[in-house]
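One structure, as structure tokens, below. Some questions next.
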Amino acid sequence: MLSLLVVVWGTTFPIEKIMLETISPFSLNLFRFLIADAVMLIIFFPSIRRDFLSVWKAGMLLGISMGAGFVFQTWGLVYTTPAKSGFITSMYVVFASILSFIFEKTRVNTHTIIALIIATFGIYMTELSGRVFEMNFGDFLTFLCAIAFAFQVLLMTIFTKKYEGKEITLTFYQFLVITVVNLPFYAFSNHNDMWNLSDLIFILYMAIIASVVGIIIQAKYQKRIGTVPSSFIYAGEPVMATVFSVLILKSTFSQTEIIGFVMITFAAIWVQIFNLSNSRKKL
């Protein structure tokens with residue numbers, strides 16, 4: 001389910017790039033999650049009403065971390081490419097593992113360390129193609145997005161374990177906070193939005209499929225395998241972003257960048273193989 005989720009999330013990078021040609025980043029985020037809020041209230045109102053007060057602190061923290069991630073990611077996409085955005089975002093694989101070690105006291109084995117090193121070099125190869133480190137404004141914003149998403153991944157594992165059966169309300173809180181966070185940005189930024197039919201279809205897809213369905217899947221299944229293995233599955237998101245950028249936007253990539261793609265994919269598979277092997281040994 002998490003691998004399927006990664007494919008869906010990968011499609012949002014080129015879609016957002018297309019939409020940002022006619023719509024401001026804060027308009028995109030505001031209406032995406034406003035629609036997601038409305039859909040969840042319509043479908044899950046009894047569950048949300050039952051658990052709303054009992055999980056508000058956890059929901060707020062999840063929402064703040066996720067909201068910051070989306071603000072920085074969407075804003076950064078204005079100044080960088082979808083593929084670069086996807087691969088800089090994938091740095092949260094490294095950050096989430098470090099945060100898990102600090103806060104969850106996760107034992108980091110040799111295989112995970114090797115995979116982290118491979119993934120880091122893979123990100124370097126794709127982002128910089130072997131060049132000296134240089135970062136434009138969009139890349140910097142996306143780097144902040146990666147840190148925010150790393151916290152969201154960590155908190156998702158912690159809180160969904162603590163509040164078993166209340167994943168729906170935790171998901172609703174995240175969307176609610178993101179909507180509120182984007183309101184001042186939307187109100188005080190210059191935006192001359194020109195919506196068209198394709199934009200409406202895209203915003204519904206991102207709100208319902210990528211957000212509502214996607215985050216519920218994350219909330220229900222991430223806790224079953226843990227923060228670190230999950231973050232490596234999510235490393236496949238930029239690979240999918242690259243694939244869909246090629247298919248939709250006709251993007252092209254150098255041989256060095258492709259090697260980096262392969263390294264990140266290999267690191268994700270490496271971790272999953274040894275995670276599965278250790279799980280079988282425990283059984």
Side-chain angles (χ1 to χ4, degrees), residues 1-3 5-6 8-10 12-13 16 25 29-30 32-33 36-37 40 55-77 85-104 106 119 123 141-163 166-182 185 206-207 210-238 240-241 268:
M1 293 300 291
L2 293 182
S3 297
L5 174 60
V6 161
V8 172
W9 282 350
T12 64
F13 287 91
E16 286 187 359
N29 273 341
L30 177 65
R32 172 181 178 176
F33 291 103
D37 288 331
M40 291 206 70
V55 300
W56 75 269
K57 289 183 180 179
M60 290 290 289
L61 288 172
L62 278 168
I64 290 170
S65 59
M66 188 178 183
F70 274 106
V71 167
F72 288 129
Q73 183 184 59
T74 308
W75 190 6
L77 267 169
S85 175
F87 277 97
I88 298 174
T89 300
S90 69
M91 282 295 294
Y92 77 81
V93 173
V94 178
F95 299 145
S97 299
I98 294 171
L99 292 176
S100 179
F101 175 75
I102 295 171
F103 294 102
E104 293 184 291
T106 301
I123 293 168
L141 291 173
T142 311
F143 182 79
L144 296 179
C145 147
I147 296 174
F149 280 143
F151 274 100
Q152 192 266 349
V153 170
L154 172 72
L155 294 175
M156 182 68 84
T157 300
I158 294 173
F159 290 142
T160 52
K161 285 181 179 179
K162 182 177 180 180
Y163 298 104
K166 299 181 179 181
E167 297 90 352
I168 296 296
T169 308
L170 287 172
T171 300
F172 174 76
Y173 259 112
Q174 292 181 79
F175 299 156
L176 182 62
V177 173
I178 294 172
T179 303
V180 173
V181 166
N182 274 277
F185 288 100
M206 290 197 294
S211 299
V212 174
V213 177
I215 302 302
I216 289 175
I217 288 174
Q218 183 190 20
K220 286 186 173 293
Y221 295 103
Q222 180 182 301
K223 62 188 174 186
R224 298 189 182 184
I225 60 175
T227 301
V228 176
S230 295
S231 66
F232 274 93
I233 292 177
Y234 301 149
E237 181 182 347
M240 291 295 101

Query raised in the report: Do Phe172 and Ile168 come close enough that some side-chain heavy atom pair is under 4.5 Å?
Result: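 They are not in side-chain contact.
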Report task. Compute whether any side-chain donor of one residue and acceptor of the other, for Thr12 and Glu16, lie under 3.5 angstrom apart. Result ->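 On atom types as modelled, these side chains do not qualify, holding no pair under 3.5 Å.
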Report task. Grab the two heavy atoms, one from Asp37 and one from Thr179, that are nearest each other, plus how far apart they are. Result ->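 Residues Asp37 and Thr179, closest heavy atoms: OD2-OG1, 2.7 Å.
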Query raised in the report: For the atom pair CG (Leu61) and CZ (Phe159), what is the distance rounded to the nearest 0.5 Å?
Result: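 Reported value, rounded in 0.5 Å steps: 5.0 Å.
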Query raised in the report: Atom OG1 in Thr227, atom NZ in Lys161: separation rounded to 0.5 Å?
Result: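 Those atoms lie 6.5 Å apart.
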Query - Gly226 backbone acceptor or donor facing Ser230 side chain under 3.5 Å - result: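 Side chain of Ser230 to backbone of Gly226, a donor-acceptor pair under 3.5 Å: yes, one is there.
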Query raised in the report: Is the closest side-chain heavy-atom distance between Leu154 and Glu104 below 4.5 Å?
Result: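 Answer yes - side chains close enough.
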Query raised in the report: Strictly by modelled atom types, are Gln222 and Thr157 linked by a side-chain donor-acceptor pair under 3.5 Å?
Result: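 There is such a pair (donor and acceptor under 3.5 Å, judged by atom type) between the side chains of Gln222 and Thr157.
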Report task. Walk me through it: do Glu167 and Ile216 pass the test side-chain contact (heavy atoms from CB on, under 4.5 Å)? Result -> CA-CA 7 Å; Glu167 297 90 352; Ile216 289 175; 5.9 Å; no
Query raised in the report: Gly69 and Phe149: which non-hydrogen atoms are nearest, and at how many Å?
Result: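 The answer is C-CZ, 3.6 Å.
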Requested in this report: Would you please name every residue forming a ring-ring contact (aromatic ring centres under 6.0 Å, His included) with Tyr163, sequence neighbours left out?
Outcome: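 ring-ring contact (aromatic ring centres under 6.0 Å, His included) check on Tyr163 returns nothing, list empty.
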Query raised in the report: How far does CD1 of Ile158 sit from OG of Ser100, to the nearest 0.5 angstrom?
Result: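 Those atoms lie 8.0 Å apart.
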Report task. Would you check if the distance from the ring center of Phe151 to the ring center of Tyr92 is below 6.0 Å? Result ->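 Judged by ring-centre distance (under 6.0 Å), Phe151 and Tyr92 do not meet the cut-off.
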Query raised in the report: What are the two closest non-hydrogen atoms of Leu141 and Phe72, and how far apart are they?
Result: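 So the minimum-distance heavy-atom pair works out to O-CB, 3.1 Å.
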Query raised in the report: Do we see a donor-acceptor contact under 3.5 Å between the side chains of Gln152 and Gln218?
Result: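 A donor-acceptor contact under 3.5 Å links the two side chains.
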Query raised in the report: Which atom pair, heavy atoms only, marks the closest approach of Arg224 to Lys220?
Result: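 Nearest pair, atom of Arg224 first, then Lys220: NE-O, 3.7 Å.
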Query raised in the report: Would a 4.5 Å heavy-atom cut-off, applied to side chains only, mark Val71 and Asn182 as touching?
Result: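 With C-beta onward as the side chain, the pair touches.
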Query raised in the report: Given side chains that start at C-beta, do those of Met66 and Leu155 come closer than 4.5 Å, heavy atoms only?
Result: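 They are not in side-chain contact.
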Query raised in the report: With sequence neighbours left out, what residues match Lys166 under salt bridge (Lys or Arg N to Asp or Glu O under 4.0 Å)?
Result: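 Lys166: no salt bridge (Lys or Arg N to Asp or Glu O under 4.0 Å) contacts found.
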Query raised in the report: Mind checking whether Phe95 and Phe143 have parallel, tilted or perpendicular rings, split at 30° and 60°?
Result: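 Phe95 and Phe143: perpendicular rings.
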Query raised in the report: What pair of heavy atoms forms the shortest contact from Tyr173 to Met60, and how long is it?
Result: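 Here Tyr173 and Met60 meet closest at CD2-N, 4.4 Å.
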Report task. Hey, could you give me the CG/CE distance between Asn29 and Met206, rounded to the nearest 0.5 Å? Result ->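 That separation rounds to 8.0 Å.
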Query - Flag side-chain contact, heavy atom, 4.5 Å: Val213 against Val8 - result: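 The answer is no; the side chains never approach within 4.5 Å.
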Query raised in the report: Do the two ring centres, one from Phe175 and one from Phe70, sit under 6.0 Å apart?
Result: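 Between Phe70 and Phe175, which both carry aromatic rings, the centre distance is not below 6.0 Å.
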Query raised in the report: Of all heavy-atom pairs between Ile233 and Val6, which one has the smallest distance, and what is that distance?
Result: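 For Ile233 versus Val6, the nearest heavy atoms are O-CG2, 3.3 Å.
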Query - Side chain proximity check, Gln73 to Phe13, heavy atoms < 4.5 angstrom - result: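 Yes; the side chains approach each other to less than 4.5 Å.
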Query raised in the report: Rounded to the nearest 0.5 Å, how far does CG of Leu176 lie from CH2 of Trp56?
Result: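 So the CH2 of Trp56 and the CG of Leu176 are separated by 13.0 Å.
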